[in-house]
Each structure stands twice: as C-alpha cells, then as structure tokens.
Amino acid sequence: REVAPRLEPRRLQDRPEHGRTAARLDRRTEDELWKRFSHARTAFDRKRRQHFAQLDTQHADARSAKEALAEEAEALQSSRDWAPTATRFKQLMDRWRGTGRAARKDDDALWQRFKAAQDTFFAARNAVLAEQEQEFAASLAVKEELLARAEALLPVTDPRSAKSALREIQARWESAGKVPRADVDRREHAGVEEARRGANGQHPEDGRGRQAVSRRAVARRARRRDGA
C-alpha cells in the first residue's frame, strides 16, 4: 500500500538501522529481503520527487498567472470609465478564482496586490456615484417643482402668457440635469405637454386637445433628455 509522501521518508530512513539490529537471517534470505526493501524505497523516493516537482511547476504556473492578473488590476485602479472597468474587474476576479494556488506566501502577497487595486477603484467609483446621487436628487426636486408650475397653467385661458411661462419652465427643465434612475419613469410630465398644447391653441374643440398624451411616450422622452 502506497503511503503518504510527507510521512513515509522518515520511517523508511529508520528502517535500515532497524534491519541491522534485527536478528540475522541466512544470507540468501536477507539479501532478497534487502533488495525488496531497497527497491520499494527507491520507487517511493522517485514518486516523491515527481510529486513535488509537479507541485512546484503548478505553483510556478499559478504564480505567473496571478502576477499577470495583479498587474492588470493595478493598471485599471485609476480608471474613471466606471461601468466597463467594473465589468473588467469582475472578469479578472472570475479568472483569479479559476486559477490554481501558488505557494502560500506568494499567493497571499499576490492577493493583497490584486485586492488593493480593486478596492482603490471601487472606493473612487462609489464616492463619485454617491455625489451624483445627491445631484440627481436635487435635480428631481427642481423638476417636480417645474411640473407643478406647468400643471398650474391648466386649463390654458391665455395662450400668450402660457407660452411665456412654458418657455421658462422648459429652459429650466433642460438645464436641471439628470434625476435618479429609479425616478425616471415616475417623473412623467403629461401636464407640461398638455400645457404646451393649450398654449399653442390646440383646444378641446379642435379634437387635438382631447387626445391623451401617451405615458409611455412621455417616459421615453424623459429618458432621452436625461440620458438614462
């Protein structure tokens, strides 16, 4: 039965001394037993060397692969191209997990390099996104106030003054900026559209003012304006 490589060498090294102190057999039997023992020890040593040589090769290959991954991660850590770089880091992580282990000391050191680069990028990205969310929330408040002003013009009784008010509302709307992604669909502004129609003289009696503004179309226009 084959024994564990890391445990057997000491036991095998002890056996010659044990053999020399054991009761002697006849010369022929002793030679045959010694040859069997020597052959087993030689075979074991050969397999042991092969095992550790193969292990060293695997560790070296893993170290080279992970060094390349760590270098690539370090090259990406200063990127400000948030979405593509985040995707790239995910791909690098998948490759890291699919790579075998290097020697423990090397593996730990390479992981620290990789993780430090990854943390640097995501910390910068999260800080920017948090700042953007604050800006988007402020834009949402502005657009909700503008929407209320537009809806207050309805029904339009003075097209000229309504047009003037709408020009200001639309100019401020365009300059207000983006809103949080979750609020794009909610911030549908049929009231602005209806006020514009009324200001342009599209009254209910001509049949056009009675047409409902498609909420889906309004949402699409809002997305295009906000770049969402």
Side-chain angles (χ1 to χ4, degrees), residues 1-134 136 180-182 227-228:
R1 185 179 68 179
E2 186 172 345
V3 292
R6 294 186 182 277
L7 299 177
E8 188 62 8
R10 183 176 299 277
R11 292 164 58 190
L12 289 175
Q13 292 169 3
D14 292 343
R15 287 186 181 181
E17 183 65 28
H18 175 73
R20 287 194 292 269
T21 59
R24 295 185 65 85
L25 305 172
D26 63 88
R27 184 60 179 264
R28 179 177 178 180
T29 301
E30 187 172 340
D31 288 346
E32 289 177 353
L33 291 173
W34 174 254
K35 288 178 182 179
R36 286 174 60 190
F37 172 79
S38 180
H39 175 75
R41 184 173 64 177
T42 300
F44 169 81
D45 285 341
R46 182 172 60 252
K47 289 182 179 180
R48 179 175 177 273
R49 286 193 297 270
Q50 291 173 349
H51 169 77
F52 285 106
Q54 183 179 14
L55 195 61
D56 288 344
T57 299
Q58 292 172 351
H59 284 170
D61 291 344
R63 183 180 63 247
S64 296
K66 288 185 173 181
E67 281 178 346
L69 291 172
E71 289 171 1
E72 190 168 352
E74 289 167 345
L76 292 172
Q77 65 183 338
S78 299
S79 172
R80 294 300 178 261
D81 197 4
W82 305 120
T85 305
T87 299
R88 187 63 186 143
F89 265 109
K90 182 180 183 304
Q91 293 169 345
L92 292 178
M93 177 60 77
D94 290 341
R95 287 170 55 192
W96 184 282
R97 289 170 176 162
T99 303
R101 288 188 61 85
R104 181 163 186 174
K105 182 178 180 181
D106 294 333
D107 208 77
D108 290 347
L110 289 169
W111 169 247
Q112 291 303 319
R113 285 178 56 189
F114 182 91
K115 188 174 185 300
Q118 181 177 250
D119 289 348
T120 296
F121 168 78
F122 282 104
R125 188 196 70 156
N126 292 342
V128 169
L129 292 181
E131 184 177 350
Q132 286 180 349
E133 283 299 312
Q134 292 181 351
F136 292 171
R181 183 178 297 274

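These numbers come from the heavy atoms of this one structure, side chains and all, not from hydrogens, waters or symmetry mates.
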Validation: residues 120-129 side-chain donor-acceptor distances under 3.5 Å, sequence neighbours left out:
residue : atom : partner : partner atom : Å
Thr120  : OG1  : Ala116  : O            : 2.8
Asn126  : ND2  : Phe122  : O            : 3.1

Self-check item: salt bridge (Lys or Arg N to Asp or Glu O under 4.0 Å) against Arg104, all qualifying residues, sequence neighbours excluded
Solution: Asp108

Quiz prompt | Heavy-atom check, side chain of Phe89 versus side chain of Asp94, under 4.5 Å | solution = no

Self-check item: Taking every non-hydrogen atom, the tightest pair across Asp107 and Gly100
Solution: OD1-O, 4.4 Å

Quiz item: Does Asp26 reach the side chain of Glu30, with side-chain heavy atoms less than 4.5 Å apart?
Solution: no

Pairs of donor and acceptor atoms involving the side chains of residues 71-80, under 3.5 Å and at least two apart or interchain, shall be tabulated with distances.
residue : atom : partner : partner atom : Å
Glu72   : OE2  : Arg88   : NE           : 3.0
Glu72   : OE2  : Arg88   : NH2          : 2.4
Glu74   : OE1  : Arg113  : NH2          : 3.0
Glu74   : OE2  : Arg113  : NE           : 3.0
Gln77   : NE2  : Glu74   : O            : 3.4
Ser79   : OG   : Asp81   : N            : 3.1
Ser79   : OG   : Thr85   : OG1          : 2.7
Arg80   : NH1  : Ser78   : O            : 3.1

Self-check item: Pairing residues for Glu133 by the side chain to side chain contact (heavy atoms under 4.5 Å, CB included) criterion, not counting sequence neighbours
Solution: Phe136, Pro180

Quiz item: Restricting to pairs with a member in residues 52-65, which pass salt bridge (charged side-chain N to carboxylate O under 4.0 Å, His left out), not counting sequence neighbours?
Solution: Arg63-Asp106

Self-check item: Salt bridge flag under 4.0 Å for residues Asp31 and Lys35
Solution: no

Practice problem: Measure across Ala102 and Ala62 and return the closest heavy-atom pair with its distance rounded to 0.1 Å. | Solution: N-CB, 3.7 Å

Self-check item: From Gln118 atom CD to Trp111 atom CH2, the distance as rounded to the nearest 0.5 Å
Solution: 6.0 Å

Self-check item: side chain to side chain contact (heavy atoms under 4.5 Å, CB included) against Thr87, all qualifying residues, sequence neighbours excluded
Solution: Gln91

Quiz item: Are Phe114 and Lys66 close enough that some pair of their side-chain heavy atoms sits under 4.5 Å apart?
Solution: no

Quiz prompt | Nearest-0.5 Å distance, CD of residue Gln54 to NE2 of residue His59 | solution = 10.5 Å

Practice problem: State whether Arg28 and Glu32 are salt-bridged, where the test is any N-O pair (Lys NZ or Arg NE/NH1/NH2 against Asp/Glu carboxylate O) under 4.0 Å. | Solution: yes

Quiz prompt | Heavy-atom donor-acceptor pair, Ser38 side chain to Trp34 backbone, under 3.5 Å | solution = no

